[in-house]
2 protein chains.
Amino acid sequence: MRDVAKHAGVSVSTVSHVINETRHVSTDTRQRVLGAMDALNYQPNRLARSLRVKKTQTIGMIVPDSSNPFFSEIARHIEDYCFEQGYSVILCNSDGDLDKELFYANVLVEKQVDGILFVAVGLSEDNILKLNAQRIPIMLVDRQIPNLPLDSVLADNRRGGWLATQHLIEHGHKRIGCITGFSDLTPSSERVIGYHQALEEHNLGIDETLILQGDFHLQSGYDRANQLLDMNQPPTAIFCGNDLMAIGAMRAAGGRGLRIPDDIAIVGFDDIPIAQFTNPPLTSITQPLKKLGRLSSQLLIERIQKKDLDVAQHMLEVDLAIRQSS
Amino acid sequence: MRDVAKHAGVSVSTVSHVINETRHVSTDTRQRVLGAMDALNYQPNRLARSLRVKKTQTIGMIVPDSSNPFFSEIARHIEDYCFEQGYSVILCNSDGDLDKELFYANVLVEKQVDGILFVAVGLSEDNILKLNAQRIPIMLVDRQIPNLPLDSVLADNRRGGWLATQHLIEHGHKRIGCITGFSDLTPSSERVIGYHQALEEHNLGIDETLILQGDFHLQSGYDRANQLLDMNQPPTAIFCGNDLMAIGAMRAAGGRGLRIPDDIAIVGFDDIPIAQFTNPPLTSITQPLKKLGRLSSQLLIERIQKKDLDVAQHMLEVDLAIRQSS
DNA sequence: TAAGAAATCGATTGCGCAATCGTTTTCTTA
DNA sequence: TAAGAAAACGATTGCGCAATCGATTTCTTA
């Protein structure tokens, strides 16, 4: 910058003002400065700028696994919105590991990010509150912490579980298996609660042996479905905690020569893009992934820019996308 | 840091040395400093540190679309390795848009990232060389620029195309459709070249009407496959430029009541995780995605740390994973 | 015990920039 | 044409830190 100033015969101040358009500069000098910048191939150092203005135009995003289509879809929309707003995003994968989540959060804070998006993290309330106390804007995505003064955006998972199960019941299914995700994650447990509710409303007893825990990955859907189908009295339908496990389950059925939905109906959750293209196409619960990603980053950025905003918890509606797997 | 120093009754220098373990400090003072850091809840400011040491421990990663399983898988492995090495990664989605790629590259440079990973970017040689001239370490992933002094890691796409086509020929197919990706991307065009070569080696003429261009997404696989199957003399097998399009193609076949592989054989490319769980499981060309991600980030970080390294282009082997779709 | 060696610590500078508090020049208008 | 208003620019400081150069204190050992 000093070089540019010298080359243009002005002060550093003026160069700064030309760059940031922060006060009027005569056309003549501005041209000279711009010319010097060009001639010297000057690249502003945003690091120094950030140190000075205490803003990095960077946000951190912690997700369990960015290679999981559900998260990668959300992450994509988040990145999109941030780009539009002039923010960069630092990607952090936690694998659901609490230590890793905490470690990442600290790195982000030390790197002076302007805000952090926690997507489905399991961090304890204590830790989250500690972070919040650092006065760094925080946004919880797909995670619920009741009665806490924190912004959050999540989908109505309970209703999703209910919708899926209700749908299967309406089609005459009475023994409905359920492959859950990790029970300590609210979205996952909420889906199971919805499943319970629907069964109870129809006076169908809950058979605990029909509820198996998976890990949201393809393989576990495959394995758990095989377990269910190996039972003496196998279920006639399976509600899976997410689409990935549902796809695994469909393969398990396919591998046994079972026909979907005639022999076994399958319903997923998330409605990831691929759900429309499985054989047969997968009935699933549509989460507004785009809205989830965009709204959360939008709210975070708003909070960054205007500090005095009311805390709000946003619950997004889910929907049942009926396809041929049920 | 000044506060910590004051609280511990030492100089800022000593605090710095305690933090970075950059020179010996007596156990007593170290304890006092650590105590002060704890008492004051001190968080080092990595921004200031970076400004001083001219290293940000951050790398930029530009990918076309991080919600595409192929890229998200690579990106995940990149992030993993970088985490292990103490680097953060800034995620950039270019959508294959050259302007966006260039814009992102500039932002990354201004943010003083220590290096940039270009995953399948289409940036002109000029632009890439210009960036390289800025003395910022660059790594090309899944992109080839022959005769240029740049590090790169990519898979043997041509051989992959050959393997897939050869496999279909061996199974007696003579009319083999091909759904390509964008022809201006080397990985895509190389795959088609492999397809050509295999056909020629077996003296099977090349019917240009059997070669359709897609865009690497599910929908285009579905659409192009339907086009092929609508032909008077439809192909008996389809080689798809990537798994996503292959899954779209499988759905197109399924939608018509065609049986895979009896009525139509399908082969994909990439071997994304889901390929093992389609119905039937998808034959595909395995790219060493993990190796691709890890090796590229490893090499980049090595280049960052030791500047005098020979430039190298790494070509990774691909493999044919035979499953039931062919 | 003296004097050099080793251990331990501090004052200060500058990384590249934005912004505060100025100064100087040019324009108005009576 | 003088004097105030407005326009245009500059010197300097400090953001938080690492690192250089240096000072002081505490061992050693003959």
Side-chain angles (χ1 to χ4, degrees), chain A residues 1-37 40-58 86 106-114 134-136, chain B residues 1-37 40-58 86 88 106-114 134-136 305:
Chain A
M1 199 157 158
R2 197 169 43 223
D3 296 341
V4 173
K6 195 178 298 174
H7 192 279
V10 298
S11 74
V12 252
S13 316
T14 302
V15 177
S16 171
H17 284 121
V18 168
I19 293 172
N20 301 304
E21 301 189 9
T22 171
R23 84 176 171 197
H24 189 72
V25 174
S26 70
T27 321
D28 179 46
T29 28
R30 179 168 43 247
Q31 289 310 327
R32 283 215 315 286
V33 171
L34 292 176
M37 282 170 54
L40 300 181
N41 220 293
Y42 168 75
Q43 294 268 129
N45 184 323
R46 297 211 192 189
L47 218 60
R49 181 175 204 287
S50 293
L51 182 63
R52 185 61 235 259
V53 302
K54 293 181 186 302
K55 281 194 186 108
T56 51
Q57 295 295 113
T58 303
N106 274 316
V107 170
L108 292 173
V109 168
E110 292 183 2
K111 289 207 169 174
Q112 312 293 122
V113 294
D114 295 338
Q134 302 238 8
R135 303 175 302 107
I136 176 168
Chain B
M1 196 154 159
R2 197 168 44 224
D3 296 341
V4 172
K6 196 178 298 173
H7 192 278
V10 297
S11 72
V12 251
S13 316
T14 303
V15 177
S16 170
H17 284 121
V18 168
I19 293 171
N20 301 303
E21 301 187 11
T22 170
R23 85 176 169 193
H24 190 71
V25 175
S26 70
T27 322
D28 178 47
T29 26
R30 179 169 43 245
Q31 289 309 327
R32 284 215 315 286
V33 171
L34 293 175
M37 283 171 53
L40 300 182
N41 220 293
Y42 169 75
Q43 295 267 132
N45 184 323
R46 296 210 193 189
L47 218 62
R49 180 175 206 287
S50 293
L51 182 62
R52 185 62 235 257
V53 302
K54 294 181 185 304
K55 283 194 183 107
T56 52
Q57 296 295 112
T58 303
S88 302
N106 274 316
V107 170
L108 292 175
V109 168
E110 292 182 2
K111 290 207 168 175
Q112 311 294 120
V113 295
D114 294 337
Q134 303 236 9
R135 302 176 300 107
I136 177 168
Q305 292 171 349

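To find a chain, count down the sequence lines: A is the first, B the second, and so on, and within it residues start at 1.
- Counted by atom type alone, B/K111 and B/T58 present zero donor-acceptor pairs between their side chains at under 3.5 Å.
- In this structure, NZ of B/K6 is placed 12 Å from P of C/dA11, rounded to the nearest angstrom.
- Of the candidates D/dC9, D/dC15, D/dC17, D/dC9 carries the atom nearest the A/V25 side chain, counting heavy atoms from C-beta on.
- Look at NZ on A/K111: it is 23 Å from P on D/dC15, rounded to the nearest Å.
- Note that the CE atom of A/M1 and the OG atom of A/S13 stand 7.5 Å from one another [nearest 0.5 Å].
- Between B/K54 atom NZ and C/dC17 atom P there is a gap of 10 Å when expressed in whole angstrom units.
- Here the closest heavy-atom approach between residue A/L47 and residue B/L51 is recorded as CD2-N, 3.7 Å.
- B/T22 contributes no side-chain N or O that, together with a main-chain N or O of B/N20, makes up a donor-acceptor pair within less than 3.5 Å.
- Looking at residues 8-24 of chain B, you'll see B/S13, B/S16, B/N20, B/R23 sit with a heavy atom under 4.0 Å from some atom of DNA chain D.
- Closest of all the heavy-atom pairs between B/Q134 and A/N41 is NE2-OD1, 4.4 Å.
- The shortest non-hydrogen separation linking A/V33 to A/V4 is O-CG1, 4.1 Å.
- Of the residues in residues 26-37 of chain A, not one comes within less than 4.0 Å of DNA chain C through any heavy atom.
- Protein atom CZ of A/R2 is 9 Å distant from nucleotide atom C1' of C/dG16, rounded to whole Å.
- Spacing between atom CG of A/L51 and atom P of C/dG16 amounts to 12 Å, rounded to whole angstrom units.
- Summary of the strand contacts: A/R49 and B/A48 both lie near DNA chain C, and taking for each the nucleotide with the nearest heavy atom, the more 5' one is attributed to B/A48.
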Practice problem: Using the side-chain contact (heavy atoms from CB on, under 4.5 Å) rule, take A/V107 and B/Q57 through it: C-alpha gap first, then chi angles, then the decisive distance, then the call. | Solution: CA-CA 11 Å; A/V107 170; B/Q57 296 295 112; over 6 Å; no

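- In this structure, A/N45 places its CG atom 7 Å from P of C/dG16, rounding to the nearest Å.
- Separating the CG atom of A/D3 from the P atom of C/dG16 is a distance of 9 Å, rounded to the nearest angstrom.
- If you take NZ of A/K55 and P of C/dG16, they are 23 Å apart, rounded to a whole angstrom.
- Across all strands shown, the partner of D/dA8 is C/dT23, judged by Watson-Crick or G-U wobble contacts whose two distances both fall under 3.5 Å.
- Between the side chain of B/E110 and the main chain of A/R46, no donor-acceptor pair closer than 3.5 Å is present.
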Exercise. Check the pair A/R2 / A/V15 against side-chain contact (heavy atoms from CB on, under 4.5 Å), numbers first and verdict last.
Key: CA-CA 9 Å; A/R2 197 169 43 223; A/V15 177; over 6 Å; no

